[in-house]
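The next block holds one structure in the form of structure tokens; read it before the comments.
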Amino acid sequence: MAKEITSREENYSQWYLDIVKKAGLADNSAVRGCMVIKPLGYAIWENMRDQLDKRFKETGHVNAYFPLFIPKSFLSKEADHVEGFAKECAVVTHHRLMNNPDGSGVVVDPSAKLEEELIVRPTSETIIWNTYKDWIQSYRDLPLLINQWANVVRWELRTRPFLRTAEFLWQEGHTAHATRDEAIEESKLIHEVYARFAEDFMAMPVIKGSKTANERFAGAEETYTIEALMQDGKALQAGTSHFLAQNFARAFDVKFMDENNKEQYVWASSWGVSTRLVGALIMTHSDDEGLVLPPKLAPTQVVIIPIPKPLPEIMEKAEQLKKELEAQGVRVKIDKDAKKRPGFKFAQYEMEGVPIRLGLGKRDLENGTIEVARRDTKAKESIDIAGVVPHTVQLLVDIQDNLLAKAKQHRVDYTTEVNTYDEFKDAIENKGGFVMAHWDGTSESELKIKEETKATIRCIPDDFVEEEGVCVYSGKPSKGRVVFAKAY
RNA sequence: CGGGGCGUAGCGCAGCCCGGUUAGCGCACCUGCUUUGGGAGCAGGGGGUCGCAGGUUCGAAUCCUGCCGCCCCGACCA
């Protein structure tokens with residue numbers, strides 16, 4: 001029924017906000033631009049975090065934690081970096097409040113002004129590289145492969161839950177290496193980890209590629225990105241991995257002695273994904289009935305609903321099923337609420353995106369059956385209860401596969417090759433999605449296209465095909481197609 | 001930072017133009033009974049400094065002035 005969700009067709013942006021709110025993922029908070037992540041939204045993030053953390057550790061990384069505050073002077077040590085972040089920083093100027101002399105509450109105590117202001121980290125390169133200076137002396141100290149799970153603040157003018165919030169949760173990896181090649185290899189390794197996580201767990205296909213100079217991270221020499229396509233045809237940057245060359249090592253004077261007793265600057269990478277992935281997940285799979293979650297990330301994979309209510313003989317069977325499913329590694333919940341009726345529960349769990357619903361009623365007990373409903377296709381079937389455990393386990397795999405296949409098909413349907421600027425504008429304006437076009441490699445053409453069509457180069461794909469052609473904008477020679485789209 | 005909208009119960013809103021008993025409605029909540037295989041029904045009940053400050057008036061949710069906040073769209077944005 002979904003009587004409370006705006007349809008995607010009517011208003012995609014409102015649909016997204018409705019899902020976030022009605023599925024109970026997040027709420028607006030008392031603080032502008034900052035959201036409260038509710039238990040369901042947080043559980044999804046926890047699952048993402050656990051999976052990524054496991055992969056980081058498998059590839060040799062360890063976790064650490066650095067301060068929330070960064071001395072203002074640190075930020076300005078790398079010129080491009082400060083330029084990229086200066087406009088969106090929260091600044092701590094005082095450390096004490098006092099009662100207002102007029103009795104109207106508390107005010108900032110002017111005598112408690114900080115010697116040097118502190119920036120609430122928008123990203124931690126500077127504080128971390130300032131620390132690495134003390135940790136690295138020799139090539140024997142390298143590589144340094146550190147990740148941190150943290151919150152950061154970017155004072156965005158316009159925010160949207162999960163996609164862009166003033167404060168968000170993320171992980172940021174910061175690695176230090178003895179050679180240029182090793183640092184590049186590291187950033188590519190994580191690029192691959194991100195892409196595989198997106199496809200294998202989020203069931204979200206991504207295009208892997210490199211950013212153009214204009215779209216690169218502030219302070220990076222190369223930015224690798226995974227770009228996903230949302231249902232409305234807009235692109236979403238889902239994870240970036242940067243090769244920072246020696247920029248931060250120079251800015252913070254981080255040198256090491258190599259095998260030949262020669263002093264050298266350290267090579268660096270940094271990489272991150274954020275709670276934005278939760279937004280990506282919503283906009284990749286969900287529908288007008290609510291959230292749709294891929295089984296691998298769903299906090300609850302299977303919900304068992306006793307019908308009409310939790311009667312003892314039904315509960316006995318339900319508990320038995322739960323145990324058997326859990327033995328197979330399935331995350332199961334039994335809805336024991338005796339007050340709410342089955343119809344309400346069906347709608348509720350559809351809203352919350354639970355992949356499989358098992359309806360177990362008195363009739364089923366008599367017939368030896370059970371109703372199996374899958375969230376992705378909304379298909380329902382009544383099966384022999386004896387086979388429900390293996391059936392459910394297999395169905396979770398099928399749903400995961402189906403969601404990925406559907407998303408892949410959507411991407412195929414919304415990827416267009418164009419050869420002229422008219423075709424380009426038509427595709428961007430009327431169809432949306434990824435538009436594959438020749439580009440002459442200049443910032444000038446890239447910026448003009450952005451100005452005229454709002455489309456940006458999402459990436460130069462890793463599987464870039466050498467192909468003679470001419471730039472759709474300038475008509476100058478081009479060596480191959482790059483990926484354009486309007487983006488979030 | 002521009003454009004638009006909104007602040008009245010936990011949520012969603014009406015009332016305001018045209019000032020006048022005790023500020024309403026739906027959902028949610030509490031109690032009871034009947035229900036329960038796709039968002040239950042009936043009965044009863046609780047919950048409000050009408051965003052803040054000032055002004056006009058015998059009387060302000062309503063009129064006037066100022067302020068504050070939030071949301072949406074746009075610009076900006078690793």
Side-chain angles (χ1 to χ4, degrees), chain A residues 1-6 11-14 16-18 21-22 24 27-35 75 78 80-89 104-105 121-126 152-161 163-166 168 170 172 211 214-220 222-225 236-242 244 270-274 276 289-290 305-311 314 335 337-352 357-367 369-371 373 378 380 382 450-451 454 456 486-488:
Chain A
M1 198 154 305
K3 57 185 176 189
E4 289 162 353
I5 297 183
T6 306
N11 183 341
Y12 191 84
S13 163
Q14 189 58 48
Y16 176 80
L17 293 167
D18 284 352
K21 191 151 204 178
K22 305 284 163 55
D27 271 341
N28 287 325
S29 73
V31 184
R32 191 206 70 96
C34 296
M35 64 179 170
L75 206 67
E78 212 287 334
D80 289 336
H81 192 66
V82 67
E83 169 141 1
F85 287 104
K87 283 177 285 187
E88 50 187 32
C89 284
S104 67
R121 61 183 167 212
T123 180
S124 302
E125 273 79 3
T126 55
V152 289
V153 168
R154 296 181 189 175
W155 213 264
E156 301 286 353
L157 294 176
R158 193 176 156 221
T159 59
R160 311 185 67 190
L163 295 176
R164 180 171 289 107
T165 46
F168 56 94
W170 78 341
E172 50 181 325
K211 287 292 188 188
N214 285 324
E215 301 278 331
R216 219 171 266 156
F217 176 73
E222 186 75 88
T223 288
Y224 301 103
T225 179
L236 185 78
Q237 177 178 305
T240 47
S241 177
H242 318 289
L244 302 174
S270 73
W271 29 273
V273 295
S274 72
R276 168 180 259 204
E289 267 71 51
I305 300 185
I307 299 167
K309 62 182 176 182
L311 302 166
I314 298 174
D335 189 319
D337 191 332
K339 289 282 187 192
K340 299 211 165 51
R341 301 168 81 202
F344 180 89
K345 294 176 181 178
F346 296 167
Q348 189 59 35
Y349 290 109
E350 275 160 16
M351 182 79 86
E352 291 174 11
R357 182 183 78 234
L358 299 177
L360 185 61
K362 282 191 284 194
R363 229 153 53 201
D364 292 305
L365 287 186
E366 286 159 20
N367 303 337
T369 57
I370 190 164
E371 185 182 77
K378 305 280 302 286
K380 283 193 292 196
S382 188
K450 182 178 179 182
E451 194 182 311
K454 300 205 169 94
T456 50
K486 281 192 198 169
Y488 274 99

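Every chain is numbered from 1, with letters handed out A, B, ... down the list of sequences.
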What's the CG-C1' distance between N28(A) and C72(B), to the nearest Å?
-> 12 Å
Would you mind telling me which residue lines up with the more 5' stretch of RNA chain B, G33(A) or R357(A), judged by nearest nucleotide?
-> R357(A)
Using atom CD of Q14(A) as one end and atom C1' of G5(B) as the other, report the distance to the nearest whole Å.
-> 13 Å
When you measure from the side chain of P308(A), which nucleotide among G39(B), U36(B), C71(B) comes out closest?
-> U36(B)
Kindly write out the residues that satisfy side chain to side chain contact (heavy atoms under 4.5 Å, CB included) with K340(A), not counting sequence neighbours, or none if the list is empty.
-> D337(A), F344(A), K345(A)
Inter-nucleotide C1' distance (G54(B), G39(B)), Å rounded | 48 Å
Can you tell me, in whole Å, how much space there is between the C1' of C30(B) and that of A9(B)?
-> 15 Å
Which is true for T223(A) with a 4.0 Å heavy-atom rule: it touches a base, it touches only sugar-phosphate, or it touches nothing?
-> nothing
With rounding to whole Å, what would you report as the distance between G7(B) and G51(B) at their C1' atoms?
-> 6 Å
Is it true that atom CD of Q14(A) has more than 12 heavy atoms of other residues, nucleotides or ligands lying nearer than 6.0 Å?
-> yes
In whole angstroms, how far is the C1' atom of C76(B) from the CD atom of E451(A)?
-> 14 Å
May I ask you to verify if any side-chain N or O of R341(A) is less than 4.0 angstrom from the OP1 or OP2 atom of A40(B)?
-> yes
Find the distance K380(A):NZ to G37(B):C1' and express it as a whole number of Å.
-> 8 Å
NA contact type, K345(A), heavy-atom cut-off 4.0 Å: base, sugar-phosphate, or nothing?
-> nothing
With sugar-phosphate meaning primed atoms plus P, OP1 and OP2, does F168(A) contact a base, only sugar-phosphate, or nothing at under 4.0 Å between heavy atoms?
-> base
Out of C71(B), G38(B), G37(B), whichever nucleotide has its closest atom nearest the side chain of R32(A) = C71(B)
Atom CZ of F344(A) and atom P of G41(B): how far apart are they, to the nearest Å?
-> 13 Å
For G84(A), answer base if it contacts any base atom (sugar-phosphate contacts may also be present), sugar-phosphate if it contacts only those atoms, and nothing otherwise; contact means non-hydrogen atoms under 4.0 Å.
-> nothing
Applying side chain to side chain donor-acceptor pair (under 3.5 Å) to Y488(A) and not counting sequence neighbours gives D232(A)
Please check the phosphate of A75(B) (OP1 and OP2 only) for any side-chain N or O of K454(A) closer than 4.0 Å.
-> yes
Roughly how far apart, to the nearest Å, are A53(B) and A61(B) at atom P?
-> 13 Å
So what does Q348(A) hit on the nucleic acid, given a heavy-atom distance under 4.0 Å: a base, only sugar-phosphate, or nothing?
-> base
Applying side chain to side chain donor-acceptor pair (under 3.5 Å) to S270(A) and not counting sequence neighbours gives E125(A)
Side-chain contact check for P342(A): nearest option of G39(B), C77(B), U36(B) is U36(B)
C1' spacing across the pair U31(B) / G47(B), given as an integer number of angstrom | 15 Å
Can you tell me how far C1' of U35(B) sits from NZ of K339(A), to the nearest Å?
-> 11 Å
Assert: residue with more 5' nearest nucleotide on RNA chain B, out of D364(A) and K21(A), is K21(A)
Is the number of heavy atoms from other residues, nucleotides or ligands under 6.0 Å of K22(A) NZ greater than 12?
-> yes
Could you measure between the two C1' atoms, the one in G3(B) and the one in G45(B), and give it in whole Å?
-> 47 Å
Look up atom CZ in F217(A) and atom NE2 in H242(A), then write down how far apart they are to the nearest 0.5 Å.
-> 5.0 Å
For A28(B) versus A40(B), give the span between their C1' atoms, rounded off to a whole number of Å.
-> 15 Å
What's the CG-P distance between L157(A) and C72(B), to the nearest Å?
-> 14 Å
Side-chain touch T126(A)/E78(A), heavy atoms, less than 4.5 angstrom | no
Sugar-phosphate, base or nothing in reach of L17(A), heavy atoms under 4.0 Å = sugar-phosphate
According to the Watson-Crick and G-U wobble definition with distances under 3.5 Å, which dot-bracket string, read 5' to 3', encodes RNA chain B, using [ ] for crossing pairs and | for pairs with another strand?
-> (((((((..((((......[...)))).((((((.....)))))).....(((((..]....))))))))))))....
Send over the distance from D27(A) CG to G12(B) P, rounded to a whole Å.
-> 10 Å
Taking only residues two or more places apart in sequence or in another chain, which ones pass side chain to side chain donor-acceptor pair (under 3.5 Å) with T159(A)?
-> none
Have a look at F346(A) and say if it touches a base, only the backbone sugar-phosphate, or nothing, with a 4.0 Å heavy-atom cut-off.
-> base
Sorted by chain and number, sequence neighbours left out, side chain to side chain contact (heavy atoms under 4.5 Å, CB included) with P161(A) holds for L17(A), V20(A), M35(A)
Quantified in whole Å, what is the C1' atom distance between nucleotide U22(B) and nucleotide G5(B)?
-> 33 Å
